[in-house]
Protein chains: 2
Amino acid sequence: MTQSEVAESQHPRERVLSAVYPLFAHRGVRDVGIDEIIRTAGVAKATFYRHFASKEALVLAFLQRRHEVFGINWLLGEVARRATTPEGRLLAIFDVFAEWFAREDYEACSFIRVMFELGASDPAGQASIGYLHEIRNQIVLLAKDAGLDDVDGFAWSWRILMAGSIVTAAEGDLGAASRARRLAAALIAQHRPATATQAFHCPASPGHHEGTGQFRRENR
Amino acid sequence: MTQSEVAESQHPRERVLSAVYPLFAHRGVRDVGIDEIIRTAGVAKATFYRHFASKEALVLAFLQRRHEVFGINWLLGEVARRATTPEGRLLAIFDVFAEWFAREDYEACSFIRVMFELGASDPAGQASIGYLHEIRNQIVLLAKDAGLDDVDGFAWSWRILMAGSIVTAAEGDLGAASRARRLAAALIAQHRPATATQAFHCPASPGHHEGTGQFRRENR
DNA sequence: CGGGCAAGACCGACCGGTCTCGCTCGTGGC
DNA sequence: GCCACGAGCGAGACCGGTCGGTCTTGCCCG
């Protein structure tokens with residue numbers, strides 16, 4: 001193997017995965033057909049199906065790739081470069097988001113998009129939800145590091161801010177990240193134990209249950 | 001006309017719209033084909049195309065219908081039934097959301113789903129973003145009623161909470177609405193003018209711009 | 001020589017969209 | 001009051017294109 005050419009002389013499976021990544025990430029899953037995939041990857045159709053049992057298998061592999069290169073672990077690394085304290089690392093998530101949202105080819109979160117595109121009952125939708133839960137679990141660990149109260153409820157609320165800013169950024173809000181950061185700071189204050197908890201006014205909601213870490217909805 | 005039968009003896013366009021509504025709302029737009037639509041509506045294909053120029057035109061009509069029967073005006077009505085004060089009406093949004101999320105056939109926000117499914121450059125995606133902006137504009141008016149500061153930034157932040165809870169509810173958080181409500185209360189406190197503004201600690205972010213009402217991203 | 005490959009023909013199913021049939025029913029001329 | 005007409009309709013054949021997926025061919029390289 002000459003190793004020259006471009007970098008295309010890799011394993012066909014790898015060529016397919018790296019070719020399909022931007023297509024799926026930017027345009028979603030259903031809009032990209034097999035023919036376009038193999039054309040972009042420069043791979044024969046038979047070769048594609050030697051390495052992937054079906055398009056669904058490719059989608060699952062894409063989601064895993066997304067999780068590996070642009071998921072929570074990548075985010076935790078970025079966050080660690082920017083802050084040293086546990087609370088600072090939490091808030092730094094939205095500084096990373098600010099750079100992400102500012103990209104002119106901002107493509108939002110593939111897990112959320114696939115969950116909506118294919119539905120929660122589809123295997124790829126289930127996998128997406130699984131990765132989103134993995135993100136939330138890491139938030140739980142960060143919250144524990146920060147010594148916060150009710151880390152599970154905190155992580156769910158944190159996910160609201162992450163998902164909400166991702167969506168409103170796609171809607172067109174250029175300041176979504178900084179807005180979410182302000183809300184995140186308030187959320188941290190709400191979950192700081194004992195000393196100087198919430199000093200702000202929280203109007204009561206009649207018949208308003210607490211809503212702790214409860215979970216699970218049957219797939220539609 | 002006997003007027004009996006069922007209630008199906010309406011105008012074909014209306015039959016198509018009411019038949020397609022649950023299909024699009026629950027399964028998205030691309031998953032539902034023309035053949036299934038006309039079969040469900042009990043309408044001939046030629047009749048369908050007499051009333052809709054294309055499937056895209058049907059999607060646009062669906063979005064408009066969604067906006068009319070389940071959009072911001074419906075939400076404002078529900079909210080008015082539950083609260084009298086401006087701040088109470090704002091917070092009541094998440095009480096309505098709590099009931100919405102609890103439905104076993106919860107289908108999330110069609111505007112967000114279509115925006116992600118078709119992309120921001122697609123006409124239907126553009127229309128969806130337009131309806132989302134209309135929602136935000138009504139939040140601005142509610143915020144003005146409540147006498148809050150920076151109503152535009154407030155409305156964007158409020159949309160973060162709405163969109164975020166919608167997404168995390170789809171992920172499986174049964175308490176998304178009450179969590180968002182708590183955050184919303186903190187957001188209102190942040191935007192209450194002068195008297196007793198934020199008493200909580202908001203850690204500084206190095207090089208962190210303010211992020212006011214700026215807006216607009218070019219369609220990808 | 002043989003396994004993995006690129007190229008691409010081929011498959012049935014379905015896509016969005018057009019067009020041809022009859023049938024029905026409301027309407028206007030008489 | 002009657003009837004012929006025509007618009008609108010349901011049913012469905014049909015169109016080219018594309019979908020995901022299979023299979024054949026011939027090449028290249030170990």
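Proteins come first, then strands; the chains are lettered A, B, ... in the order of their sequence lines, and each starts at number 1.
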Checklist line | Parallel, tilted or perpendicular, as decided by the 30° and 60° cut-offs, for the rings of B/W100 and B/F97 | finding: perpendicular
Item checked: C/dC5 phosphate, OP1 or OP2, under 4.0 Å from A/T47 side-chain N/O -> no
Check: Rounding to a whole Å, what distance do you find between B/I37:CD1 and C/dC14:C1'?
Finding: 14 Å
Check: In terms of side-chain heavy atoms of B/V43, which of C/dG17, D/dG10, D/dT22 is nearest?
Finding: D/dG10
Next item on the list: Can you tell me the distance, in whole Å, between the CG atom of B/L58 and the C1' atom of C/dC15?
Entry: 15 Å
Check: Is any side-chain N or O of A/H51 closer than 4.0 Å to OP1 or OP2 of C/dC5?
Finding: yes
Item checked: Atom pair distance, as rounded to whole Å: CG in B/D35 and C1' in C/dG16 -> 9 Å
Next item on the list: Would you tell me whether A/Y21 and A/R65 have side-chain atoms, one donor and one acceptor, within less than 3.5 Å of each other?
Entry: no
Check: Once you round it to whole Å, what is the distance between C1' of C/dC15 and CG of A/D31?
Finding: 14 Å
Next item on the list: Select from B/G42 and A/V29 the residue whose nearest nucleotide in DNA chain D is closer to the 5' end of that strand.
Entry: B/G42
Checklist line | Nearest-angstrom distance from the residue atom CZ of A/F48 to P of D/dC19 | finding: 13 Å
Note to self: So if I take every side-chain heavy atom of B/A44 and compare against C/dT18, D/dG10, C/dC5, which nucleotide ends up nearest?
What the structure shows: D/dG10
Next item on the list: Establish, for the pair A/R136 and A/W158, whether the NZ or CZ atom is under 6.0 angstrom from the six-membered ring centre and no further than 45 degrees off its axis.
Entry: no
Item checked: Heavy-atom side-chain proximity of A/I135 to A/M162 below 4.5 angstrom -> yes
Checklist line | C/dG17 base / B/K55 side chain donor-acceptor hit below 3.5 Å | finding: no
Notebook entry, point to check: If you measure from the Lys or Arg side-chain nitrogens to the Asp or Glu carboxylate oxygens, is any gap between A/R81 and A/E78 under 4.0 Å?
Noted result: yes
Checklist line | N or O in side chain of B/R15 less than 4.0 angstrom from D/dG10 OP1/OP2 | finding: yes
Next item on the list: Quickly work out the A/R30 CZ to C/dG16 C1' distance and round it to whole Å.
Entry: 15 Å
Notebook entry, point to check: How long is the line joining NZ of B/K45 and P of D/dC15, in whole Å?
Noted result: 13 Å
Note to self: Taking 4.0 Å as the cut-off, does a side-chain nitrogen or oxygen of B/R50 come that near to OP1 or OP2 on D/dG8?
What the structure shows: no
Note to self: So if I take every side-chain heavy atom of A/P12 and compare against D/dC14, D/dG21, C/dC5, which nucleotide ends up nearest?
What the structure shows: C/dC5
Checklist line | Rounded interatomic separation in angstrom, taking CD from A/E36 and P from D/dG20 | finding: 10 Å
Notebook entry, point to check: What's the closest nucleotide to the B/I34 side chain, out of C/dG8, D/dG12, C/dG16?
Noted result: C/dG16
